[in-house]
Structures are given as C-alpha cells and as structure tokens.
Asker: 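The structure under discussion is supplied below as structure tokens; questions concerning it will follow.
Every number for a ligand or one of its atoms is a count from 1 in the order of the listing. Keep in mind that the numbers below use all heavy atoms, side chains included, and drop hydrogens, waters and symmetry copies.
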Amino acid sequence: MNILSRREFINVCALSAAGFVVSCASNPVTGKSQLMLVSEQEEIQMDKMFSPQQLSSDYGTIQDKDMARYIQSVGNKMVPATHRPKMPYHFHIVNATYVNAYAFPGGTIACTRGILLNLENEAMLAALIGHELGHVNARHTAEILSKSKLTSVLVGGAGMSVGSYNQNYGGIAAQLGMIGSGALLASYSRDNERQADDLGMEYMVMAGYNPGGMVGLMDMLQNMSKHKMSSAELLFATHPMSDERYNTSVKTLRKKYGKTKAKPIFRERYMDSIANLRKIESAIVKMQVGDALMAKEKYAEAESQYAQALKIAENDYAGLVKIAQSQFVQKKYQDADRNIQLAKKAYPQEAQADYLGGFVSLT
Ligand SMILES: [Zn+2]
C-alpha cells in the first residue's frame, strides 16, 4: 500500500465520510495491492453517469450500422484476452471530427471519426482500442480518482460536470456545449501510458493481430504531436505522447513479439469497413478547419468551411450543429434555427441540436 501524504490522507478521510469504501484492492493487471477508493461497481456507475454526456457532446454514436458493428467486432475480439473480461464493454465510433479516443472506467470506449481517418489498417485500430482497454484493465481512472485529483470534485457531489466545465472553459463555447465534456476524461500519467501501450500490444497479439499495428499507431501519434495538430490537442492532453512511447513499441515488438510479425494487419478489410467515412473525408477535414477557426473567433470563415463540408456530407449531424453554432454566435438566428431543425431531423435521438435550439428560441 502506498504511503499517503498528509493531503491525500485528508482526501481519504473526506471520501470515507462521503460514503466511499476505502480499501486496498489487488490490481487486476499487476496483482499488487494498491489503495483503491473506488470499487468496480462504482467504476461501472461512474461510466453510466458520465459517458452518455461525453458521447452526446461528441455528436452521438455513428448512425452507420455497419461501421458501428465493425468497431464492436474489433473490440470484442480482444475482450477475452483482457484481465477483466467480464466488464460491460461498449465500443463506439462517435461523430466528432477532432482526433481522439477515450475510455470510461466501466468499459465504454470510443474513437472519433477524425482518428479513424488517420489509421491505415485494422491492426492500428486494434492497437488503439487495446491501449484504451489497457487503461480500463489497469484501473487507471480509479487510481487517479483515488490519488486525489478529482476527489474534491467527487466530494463536492453532483457539481462535477457543471463546476469543472465552467472553471476550465469560460465563454460562449462552453455555454453552447461546443467544447466536449473532455474535462471529465482522465488525464493519464506517463506511467499509465506506458502500461496501457504494453497491455494494448499484449491484447492485440492474443487476438491474432500483427503487433506492428502498435508501432504504426505510435508513429502516427508522434507525427501528429510533432506537427502540433490542433484537432488532436485533447488526445495529447489526456494521453501524453513521447518519443519514448514510440521507441518502446519498436523494442517490445522486436524482443517480445518477433515471432508474431508475420500476422496480418488487415489493411483492405479496414479500408472497406470505413469506406463510407472515407467518402466524406474532405468534409471531415473542412470541419476540423472550421473548428480551428471557431477557436480563433473567426466565425464567418468557420461558417464558410462548415457550409463547404455540408455540400460534401449532406445532412451530416455534426456539420449541421457546427454550422448552427457558428451562425448563432454571429447572431444569424434564422439561419441557425434552420440548420438546427435539419440537425434534429438528421439525428432525432441526439440532444445537442435541441440544446442549441433552446438558446436560439431565447433570442
Ligand atoms: Zn492513454
């Protein structure tokens, strides 16, 4: 068990008072005993509470049923290889166009359309999902919570989403729900990343993939991080990237998995499976450019990018909500309202268009 600092000790007391069970649990991956303030049931509960909000702020899960099934099949192939095969895993593609992937502690894992377009084969996708599975299996979010980062928020109770949101992101963007509730996602340490990469490689190899997919993924991430791609900011804020991660994957491949290098990477199957997304790749890129312009408060230019995107990907829910946001901040309320109505029609189950519509009707 870790020795607690005074501050951590106070947090632990606060948590116990708040009804959290303080215990030492053995880590499913290392088998070592560690301080755990969060039980498995609480991990699942937190996931249920917070992941729907995140998926929704990422414009909901993809409506293309074949693509939805595809990511589930890749994820499910690795589940039996994990240390916690009985967790209630869910694998999603979300409509967001920025580059990211994330996991909630109960097993909800999502990749954005933006990141899928940057992967080149199924082995890279398996590496990405394997890495997120690594975070879930090593209980990194629970560990972070236990170590006090979010304890004050948890002790504060239901204020979690609203409080952390407004403190971190002021201004109209947050009010309109334009910035995802990324603030709720865990920011992993470098040690967490190292362990998740290691586990990810183990899981993907056991599922029959070529471990070179992990090296490919690291190579891609390293390039993005060096070019400081604005669309990948949140990805690197939550999953710190380093040259070391790339180098380690190369070394591990050679030392540990040399024999499995001949395993398939499934390039064609990947490209076929995301064909419908590739068809609108230029629209996704325009939306990314639009988002960067929005962040610089160049609203008219952003609107023009979104409009061009919608010419390519007609009725794209994310595109419609984004263009409505850019029109709303320019006080073009009628145009915004028209696009909100189209967005509601395009994805009636999703809340963000409704939410924005509420603001427009107040004008
Ligand atoms: Zn990570």
Asker: Is the shortest side-chain heavy-atom distance between T61 and Y347 below 4.5 Å?
Answerer: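 Result yes, sub-4.5 Å side-chain heavy-atom pair found.
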
Asker: Anything under 30° is parallel, anything over 60° is perpendicular, the rest tilted; go ahead and classify F91 against Y89.
Answerer: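 Plane angle under 30°, so parallel.
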
Asker: With a 3.5 Å cut-off and no angle check, do the side chains of T108 and D47 form a donor-acceptor pair?
Answerer: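 T108 vs D47: donor-acceptor pair found between side chains.
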
Asker: Run through R338, K332, K331 and flag the one making a side chain to side chain donor-acceptor pair (under 3.5 Å) with D335.
Answerer: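 The residue from R338, K332, K331 that satisfies side chain to side chain donor-acceptor pair (under 3.5 Å) with D335 turns out to be R338.
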
Asker: Quick one, D272 with Y70, criterion side chain to side chain donor-acceptor pair (under 3.5 Å). Give me CA distance, side-chain angles, the key distance, then yes/no.
Answerer: CA-CA 11 Å; D272 288 349; Y70 174 63; over 6 Å; no

Asker: Which protein N, O or S atoms lie under 2.8 Å from the Zn ion (ligand 1)?
Answerer: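 Correct list: H131 NE2, H135 NE2, E193 OE1, E193 OE2, H239 ND1.
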
Asker: Could you go through residues 214-234 and list every donor-acceptor pair under 3.5 Å that involves a side-chain atom there, pairing it with any protein atom two or more places apart or in another chain?
Answerer:
| unit_1 | atom_1 | unit_2 | atom_2 | d |
| --- | --- | --- | --- | --- |
| Q222 | NE2 | D243 | OD1 | 2.6 |
| N223 | ND2 | D219 | O | 3.4 |
| H227 | ND1 | N223 | O | 2.8 |

